[in-house]
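Chain naming here is simple, since letters A, B, ... match the order of the sequence lines and numbering starts at 1 in each.
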Number of protein chains: 2
Amino acid sequence: MKLITRDTDYAIRALCFIARRQKGLTSVSELVSVLGIPRPFLRKLLQTLNKKRLVKSYKGKGGGFRMARLPRKIIIADLMRIFQGPLKISEHVFKNSPCPERKVCKFKQKLDVIERYVVGELKRINLESIL
Amino acid sequence: MKLITRDTDYAIRALCFIARRQKGLTSVSELVSVLGIPRPFLRKLLQTLNKKRLVKSYKGKGGGFRMARLPRKIIIADLMRIFQGPLKISEHVFKNSPCPERKVCKFKQKLDVIERYVVGELKRINLESIL
DNA sequence: ATATAATGATACCATATTAGTATCATTTGT
DNA sequence: ACAAATGATACTAATATGGTATCATTATAT
Ligand code: FES
Ligand code: FES
């Protein structure tokens, strides 16, 4: 029952580090030495963060990454969607097709309530609030 | 981000069916034909439910399963623990050892709040309430 | 120009978890 | 004795997660 996968977790730590540096770039090498995250994995994460425009990358010697927006505009729920897909916790399933009873299922209804709360909270957590 | 695995899901459906039958036993064959769950898988689930004393099994011809306690005493959180292990959603991890910063980490603190809510709610859902 | 140090793109591999099967033993009613 | 049920247990398949490897591209410094 893991809400946060390692992708997301690592990405958050990397972003925290980058965000704290007000000016200038942060290279993968630096992040690796500080955070201890496996280099190729971290590189992959940063590349997707770049594609998704959460950071801006600069190639070439002296290059690296900087934030592409204010930390308070970086929402944990968005990071989770990027690395983990849609924020859904309550899909009853019937051999890979959605359960036919889902419209009336009381259990699903209760899970939906939980889901709404969880997703709501995750949308409220931004990078600034955990710096 | 799946809260409920298929084990648990199937188990709940099976229990619902068994619980609705006030008197007498329910066999795996019957459950299979009604619920469409793969037979050996369902058998495995019911065997663990029996070991955990949520149902009582009867062997031999004409045998099957019945509830071992009132539906309202069957708690979803317990089922999840049985099939999915401890109810934890917020473990920051650092290459398989727990993260050293977890005591002061603001993100973890926020996840803890979410976790307490979720687990609290899951403990409140019982079989009766979803019949 | 060229060497170097950085990221981009992509494909691949390893491990763990989840989902499902198979087989044989045991019990019980007829 | 036989048939119909569960018990125990080991195995296999599929998927998701975590991590590597490789080569291409870009920018800087000399
Ligand atoms: S949605 Fe199918 S039984 Fe709940
Ligand atoms: S508990 Fe380690 S960074 Fe949050």
Chemist: Within the pair A:Ser27 and C:dA5, is there a side-chain N or O less than 4.0 Å away from OP1 or OP2?
Modeler: no
Chemist: What salt bridge (charged side-chain N to carboxylate O under 4.0 Å, His left out) pairs are there with at least one residue in residues 98-112 of chain B, not counting sequence neighbours?
Modeler: B:Lys108-B:Asp112
Chemist: Holding to ring-ring contact (aromatic ring centres under 6.0 Å, His included), I want the full list of residues that pass it with B:Tyr117, two or more places apart in sequence or in another chain.
Modeler: A:Tyr117
Chemist: Is there a side-chain contact between A:Tyr10 and the phosphate of D:dG19, meaning an N or O under 4.0 Å from OP1 or OP2?
Modeler: yes
Chemist: Counting side-chain heavy atoms from CB outward, which of D:dT17, D:dG7, C:dT7 is closest to A:Thr5?
Modeler: D:dT17
Chemist: If only side-chain N and O atoms of B:Asn50 are considered, is one of them under 4.0 Å from the OP1 or OP2 phosphate oxygen of D:dT6?
Modeler: no
Chemist: Just to be sure I understand the rule, does B:Arg39 reach a base, reach only the sugar-phosphate, or reach nothing, if contact means heavy atoms closer than 4.0 Å?
Modeler: nothing
Chemist: Closest nucleotide of DNA chain C for B:Gly60 versus for B:Arg43: which of these residues is on the 5' side?
Modeler: B:Arg43
Chemist: Touch check for B:Gly63, heavy atoms < 4.0 angstrom, all strands: base, sugar-phosphate only, or nothing?
Modeler: sugar-phosphate
Chemist: Please check the phosphate of D:dG18 (OP1 and OP2 only) for any side-chain N or O of A:Lys2 closer than 4.0 Å.
Modeler: yes
Chemist: With sugar-phosphate meaning primed atoms plus P, OP1 and OP2, does A:Lys51 contact a base, only sugar-phosphate, or nothing at under 4.0 Å between heavy atoms?
Modeler: sugar-phosphate
Chemist: Should the pair A:Arg81-A:Asp78 be classified as a salt bridge under the 4.0 Å nitrogen-to-oxygen rule?
Modeler: yes
Chemist: Whole Å only: how far is the CD atom of B:Gln84 from the P atom of C:dA16?
Modeler: 20 Å
Chemist: Do you reckon B:Ile125 sits in the same ILVMFWY cluster as B:Val119, going by side-chain contacts under 4.5 Å, direct or chained?
Modeler: yes
Chemist: When you measure from the side chain of B:Arg6, which nucleotide among C:dG29, C:dG20, C:dT7 comes out closest?
Modeler: C:dG20
Chemist: Would you indicate which nucleotide in D:dG7, C:dG8, C:dG20 comes nearest to any side-chain atom of A:Lys59?
Modeler: C:dG8
